[in-house]
Visitor: 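A single structure is presented below for examination.
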Amino acid sequence: MFLAATFALLVGLLMILVRAVKGPTVYDRILAVNAMGTKTVILVTLLGYVSGRTEFLDMAIVYTLISFITTIAILKFIQKGRLD
Amino acid sequence: MAWNEIVCAVLLVVGVLISLTGSLGLLRFPDFYSRLHTAGKTDSLAQLCIFVGLALIDQVTVDGVAYPVDPLIRIKLIMVALLLFFTAPTATHAITKAAMLDGVMPWKKGEPPK
Amino acid sequence: MSDVLEIYNYWIYIVLMMVGFYGVMAKRNLIKQAIALGLFQTGIFLFYISMAVVDGGTAPIWMADGATKVPNPLAVPAAFDNPLPHVLMLTAIVVGVSILAVALAIIINIRRAFGTIEYDELTKIEREMEAREAREAAQ
Amino acid sequence: MSEVLMIDSVLLLLVAATAIAVVEVRSLYAAAMLSGIYSLLMALVWVNMHSMDVAFTEAAVGGGISTILLIGTLVHTEREEKKRKTRVNWGALLVTAMTGAALIYGTLDMPRFGDPNAPIHNLRVPEMVNQTVGMTAGAKGKQPPPVGWTPRQNLELPLGHKQAYAMQRAHATNEARLKEAGEGHGGHGGQKADGHGAEHEAGHDDAHAHPAGDFNGHVPNTVTSLLAAYRGYDTMFETAVIFTAGASLILLLRRRRRPGENLPKQQSANLTDQVILRVMCKLFIPFILIFGLYVISHGEIGPGGGFQGGVILATAFILYGLIFGRPELHRVLPERLTDILAVLGVLLYSGVGVFTMLRGGKFLDYAFLNPASPGDGEPLGMTLVEWGVGITVCTVMITIFNQLAEEESK
């Protein structure tokens with residue numbers, strides 16, 4: 001059950017990757033990074049259930065934070081041209 | 001299959017379907033704002049469904065060995081779902097505002113897809 | 001087909017290394033080379049960690065016993081994965097980022113000094129400077 | 001075909017595709033973002049291959065810090081790669097193809113993926129694992145190996161004479177102690193280790209009876225045990241490597257401060273005008289800080305440790321700097337404080353080593369931190385060391401962000 005869900009989400013990941021590479025404007029790419037982050041969080045949790053070791057949930061929290069902060073950093077760079 | 005595994009399976013299928021439609025929308029929609037519309041919304045709902053579905057499971061059997069799921073983990077799952085429920089829309093909002101300030105014009109019917 | 005999948009990981013690690021290698025050699029932009037170097041390193045990490053996997057093994061962290069929440073020696077799965085490569089790669093990732101940070105700092109200084117970070121333009125500037133010094137030495 | 005291999009084969013195709021995209025895409029910030037995606041996918045591969053700590057580090061360091069570093073550099077350089085006449089450099093492609101072919105030829109007789117009898121699993125690791133990379137499950141000191149632990153890897157190791165003598169001597173001291181200590185550990189005396197025979201004892205009561213091949217760290221997370229205890233020496237110098245990276249960033253990028261001028265007072269670009277972003281970040285930053293401290297402190301029990309926790313703490317401060325501007329971050333964490341703390345972390349690490357030497361043990365031999373019950377000394381030593389690493393990594397990452405974000409005086 002979990003394995004089927006994992007493979008389905010991997011197909012979703014592939015679609016996002018195509019948009020990330022093809023994305024004409026920079027905002028499409030930022031959108032792809034953000035969507036990829038959310039999907040990776042779900043995938044990590046599912047991999048925990050596939051392998052039976054469900055107690056490694058801190059990974060999912062780290063992914064959420066990292067993709068959030070990376071998106072904010074990229075947006076500030078695009079919008080203000082500076083990071084400070 | 002106990003009741004919780006059936007409900008979990010249903011929720012997983014719903015969550016995965018929503019997520020896939022979101023990704024497909026991201027791929028095929030003509031311009032940035034419509035893609036934003038699909039990817040932003042579906043992600044929040046899909047992860048909620050999947051995490052609530054997973055929280056119902058109390059035992060995972062991997063090639064014969066049944067590993068118990070610690071109740072603390074099931075609570076933590078809900079916490080992660082809530083955390084993601086707050087961060088994903090904030091990020092999507094920030095992207096939209098940045099694009100708007102940058103003057104990205106929404107696509108109109110008849111124009112070639114951007 | 002199944003024996004190809006057996007060592008499939010090692011082929012992908014070589015693909016990653018070669019992509020990084022090509023990026024470092026072919027790309028003239030210094031930042032692109034720094035990123036390609038990161039790819040090269042990740043390929044090597046993949047090689048080490050795919051060696052550590054044991055069939056039917058789980059993560060090399062003791063299982064937490066449900067009741068006492070304390071790792072319980074008796075909840076033993078079939079086998080544990082080998083923790084040794086994980087430790088080596090932990091160190092390598094962090095050193096990799098340190099290298100990236102220093103490389104990017106140097107790239108910024110090159111940009112401030114010469115105004116460009118394209119490798120061929122930099123060699124042109126270098127040649128001009130040597131020619132100018134040679135002329136001044138000749139006078 | 002284990003599940004790991006099935007998911008692995010699909011994931012690695014995605015990773016390879018992203019790698020090629022990262023090298024080929026022309027605009028540099030797209031390359032930075034794709035390298036962020038690449039690190040996230042790579043972290044997924046590590047999670048799938050059961051290496052939790054590496055996945056943690058790859059996500060936090062590769063996904064987070066590297067992307068922010070690359071973007072910080074792009075602020076100072078241009079955003080597009082120069083247009084090249086020929087897109088593909090055929091000479092380089094030929095060389096890479098040849099080296100790739102030679103390497104692939106080399107992998108033909110590598111051990112199968114997941115093969116338990118591969119040489120890497122049989123040298124040193126059974127010896128290390130047999131002496132119970134155990135846990136402090138209630139009972140103090142080393143735990144006997146669990147019942148039926150070595151069904152798959154119990155190969156008879158050809159013991160060298162020196163090793164045999166050391167094992168025999170350790171065994172003798174154990175026997176002597178067991179006789180006068182009666183039942184052995186109160187807590188779980190019942191579990192007699194029939195699987196492996198050798199009854200292990202706390203091992204350190206007389207100062208020098210360190211059994212041969214003792215791996216010094218006995219905590220549930222074997223990776224942290226190896227990282228902080230068995231390879232404690234390397235990790236110490238690795239913290240020094242991170243500190244040197246921070247120091248070189250300071251030397252390369254920090255402009256000379258005119259005496260008395262604390263921080264150049266120029267208008268910083270902050271995002272405080274966006275209300276939702278500001279309120280949300282004010283809500284998140286405390287939780288990220290707590291999570292970072294949690295990751296550092298529970299490095300022995302679960303995945304995590306000094307590096308990962310330090311980076312997460314740094315990302316919390318970086319988020320604060322991004323939203324409220326760098327002068328504000330400087331007000332919270334002045335540059336002098338971060339420089340001092342970076343040094344302090346490395347000092348804490350090596351200080352623990354010197355302290356164990358003063359207590360009579362070898363350098364970084366944590367058992368001597370608490371000679372009464374050495375089983376407790378080891379986790380204590382490792383926690384102190386993890387905190388040292390966490391402090392250094394956190395402050396160096398903040399310094400790196402500060403230097404990269406520093407505007408060049410026009």
Side-chain angles (χ1 to χ4, degrees), chain C residues 5-12 14-16 18-19 21-23 25-26 29 31-32 35-36 39 42 49-51 53-55 58-62 70-74 76 79 81-84 86-87 89-91 93-95 97-98 100-102 104-109 111-112 117-118, chain D residues 2 4-5 9 12 16 19-20 22-23 28 31 35 42 49-54 57-58 61 65-66 69 73 76-77 81-82 89 92 96 100 103-104 107 110 112-114 116 120-121 125 135 137 143 146 149 152 220-223 226-227 231 238 241-242 245 248-249 252-253 307 400 408:
Chain C
L5 268 184
E6 303 307 332
I7 48 175
Y8 164 81
N9 260 24
Y10 301 126
W11 291 359
I12 293 290
I14 291 170
V15 165
L16 287 180
M18 287 311 115
V19 168
F21 191 31
Y22 174 78
M25 270 201 296
N29 189 315
I31 290 183
K32 192 57 80 68
I35 298 177
L39 297 186
T42 320
I49 303 273
S50 48
M51 278 198 292
V53 175
V54 173
D55 263 351
T58 64
I61 298 169
W62 287 104
V70 161
N72 149 24
L74 288 185
V76 170
D81 283 359
N82 192 339
L84 218 52
H86 298 177
V87 175
M89 286 314 108
L90 250 173
T91 319
I93 287 179
V94 178
V95 169
V97 170
S98 311
L100 181 71
V102 176
L104 293 179
I106 294 172
I107 289 172
I108 291 177
N109 278 346
R111 176 73 171 76
R112 283 178 182 164
I117 48 169
E118 295 295 335
Chain D
S2 65
V4 171
L5 197 54
S9 43
L12 285 176
I20 294 167
V22 165
V23 172
L28 286 175
S35 84
M42 225 33 213
M49 282 206 261
H50 307 316
S51 56
M52 290 302 165
D53 287 82
V54 181
T57 319
E58 178 80 31
V61 169
I65 292 291
S66 303
L69 285 181
T73 334
H76 300 282
T77 60
E81 205 184 352
K82 198 159 79 95
N89 176 337
T96 32
L103 283 170
I104 284 185
T107 60
M110 290 275 289
R112 193 178 52 77
F113 177 77
I120 186 173
H121 300 310
V125 177
M135 50 269 142
Q143 313 300 318
W149 151 249
R152 303 176 74 107
N221 185 351
T222 50
V223 176
L226 276 173
L227 182 76
R231 290 185 71 240
E238 191 209 318
V241 161
I242 297 169
S248 52
L249 256 289
L252 281 170
L253 289 178
F307 300 112
I400 290 177
E408 191 210 1

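Throughout, a chain's letter reflects where its sequence line sits, starting with A, and its residues are numbered from 1. Only this structure's heavy atoms are used, side chains among them; waters, hydrogens and symmetry mates stay out.
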Visitor: So what's closer than 4.5 Å to chain D heavy atoms on C/Ile14: side chain, backbone, both or neither?
Guide: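 For C/Ile14, the side chain is the part near chain D, not the backbone.
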Visitor: Go through the atoms of D/Ile65 and report whether side chain, backbone, both or neither lie under 4.5 Å from a heavy atom of chain C.
Guide: side chain
Visitor: Is it the side chain or the backbone of D/Leu28 that comes within 4.5 Å of chain C heavy atoms, both, or neither?
Guide: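 Side chain only.
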Visitor: Counting only heavy atoms closer than 4.5 Å, note whether D/Ser248 contacts chain C via side chain, backbone, both or neither.
Guide: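 Contact with chain C is through the side chain of D/Ser248 alone.
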Visitor: Using heavy-atom distances under 4.5 Å, tell me whether C/Leu104 contacts chain D through its side chain, its backbone, both, or neither.
Guide: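 Both parts, backbone and side chain.
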Visitor: Which heavy atom of D/Val23 sits nearest to which heavy atom of C/Lys32, and what is that distance?
Guide: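 Minimum heavy-atom contact is O-NZ, 3.1 Å.
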Visitor: Could you look at D/Glu58 and say if it's the side chain, the backbone, both or neither that has a heavy atom under 4.5 Å from chain C?
Guide: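 Both parts, heavy atoms under 4.5 Å.
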Visitor: Under a 4.5 Å heavy-atom cut-off, does chain D meet the side chain of C/Ile31, its backbone, both or neither?
Guide: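 For C/Ile31, side-chain heavy atoms alone lie under 4.5 Å from chain D.
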Visitor: So D/Asp53 and C/His86, do their side chains get closer than 4.5 Å, heavy atoms only?
Guide: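 Side chain of C/His86 against side chain of D/Asp53, heavy atoms only: no contact under 4.5 Å found.
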Visitor: Closest heavy-atom contact between D/His76 and C/Arg111?
Guide: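 For D/His76 and C/Arg111, the tightest heavy-atom pair comes out as O-CG, 3.6 Å.
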Visitor: Using 0.5 Å steps for rounding, measure from the OG1 atom of C/Thr91 to the CD1 atom of D/Ile242.
Guide: 9.5 Å
Visitor: Side chain, backbone, both or neither: which part of D/Ser35 has an atom under 4.5 Å from a heavy atom of chain C?
Guide: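 Contact with chain C is through the side chain of D/Ser35 alone.
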Visitor: What pairs with D/Phe113 under ring-ring contact (aromatic ring centres under 6.0 Å, His included), at least two apart in sequence or on another chain?
Guide: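 If we apply the ring-ring contact (aromatic ring centres under 6.0 Å, His included) test to D/Phe113, skipping adjacent residues, there are no hits.
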Visitor: Would you say C/Asn9 and D/Met110 make side-chain contact, with heavy atoms under 4.5 Å?
Guide: no
Visitor: According to side chain to side chain contact (heavy atoms under 4.5 Å, CB included), who are the partners of D/Thr57, at least two apart in sequence or on a separate chain?
Guide: C/Leu90, C/Ile93, C/Val94, D/Val61, D/Gln308
Visitor: Looking at C/Val15, C/Thr42, C/Ile107, which has the largest count of heavy-atom pairs under 4.5 Å with chain D?
Guide: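 Heavy-atom pairs under 4.5 Å are most numerous for C/Thr42.
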Visitor: If you look at every heavy atom in C/Arg112 and D/Leu253, which pair is closest and at what distance?
Guide: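 Looking at all heavy atoms of both residues, the shortest contact is NH1-CD2, 4.1 Å.
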Visitor: Please find the pair of heavy atoms, one from C/Ala26 and one from D/Asn89, that lie closest to each other, and give the distance.
Guide: CB-CB, 3.7 Å
Visitor: If you compare all heavy atoms of D/Ala31 against all heavy atoms of C/Ile35, which two are closest, and at what distance to 0.1 Å?
Guide: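 For D/Ala31 versus C/Ile35, the nearest heavy atoms are CB-CD1, 3.9 Å.
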Visitor: Nearest 0.5 Å, what's the CG-CG distance between D/Leu227 and C/Leu84?
Guide: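 Rounded to the nearest 0.5 Å, the CG-CG separation comes to 11.0 Å.
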Visitor: Examine whether an atom of C/Ile49 lies under 4.5 Å from a heavy atom of chain D, and if so say whether it belongs to the side chain, the backbone or both; otherwise answer neither.
Guide: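 It is both, since atoms from each part get that close.
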Visitor: Working to the nearest 0.5 Å, report the span between OG of C/Ser50 and CG of D/Leu5.
Guide: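 C/Ser50 atom OG to D/Leu5 atom CG measures 10.5 Å (nearest 0.5 Å).
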Visitor: Between D/Val22, D/Thr77, D/Val241, D/Ile400, who has the most heavy-atom pairs with chain C when the cutoff is under 4.5 Å?
Guide: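 Top count of heavy-atom pairs under 4.5 Å with chain C: D/Thr77.
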Visitor: Looking at every heavy atom in both C/Val87 and D/Leu226, which two are closest together, and how far apart are they?
Guide: CG2-CB, 3.4 Å
Visitor: Quick check on D/Leu103 against chain C: is it the side chain, the backbone, both or neither that has a heavy atom closer than 4.5 Å?
Guide: both
Visitor: Rounded to the nearest 0.5 Å, how far does CG of D/Leu252 lie from CG of C/Asn109?
Guide: 5.5 Å
Visitor: In the structure I gave you, are the side-chain heavy atoms of C/Val19 and D/Thr96 within less than 4.5 Å of one another anywhere?
Guide: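 Answer no - side chains too far apart.
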Visitor: Please flag which part of D/Met42 lies under 4.5 Å from any non-hydrogen atom of chain C: side chain, backbone, both or neither.
Guide: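 Side chain only.
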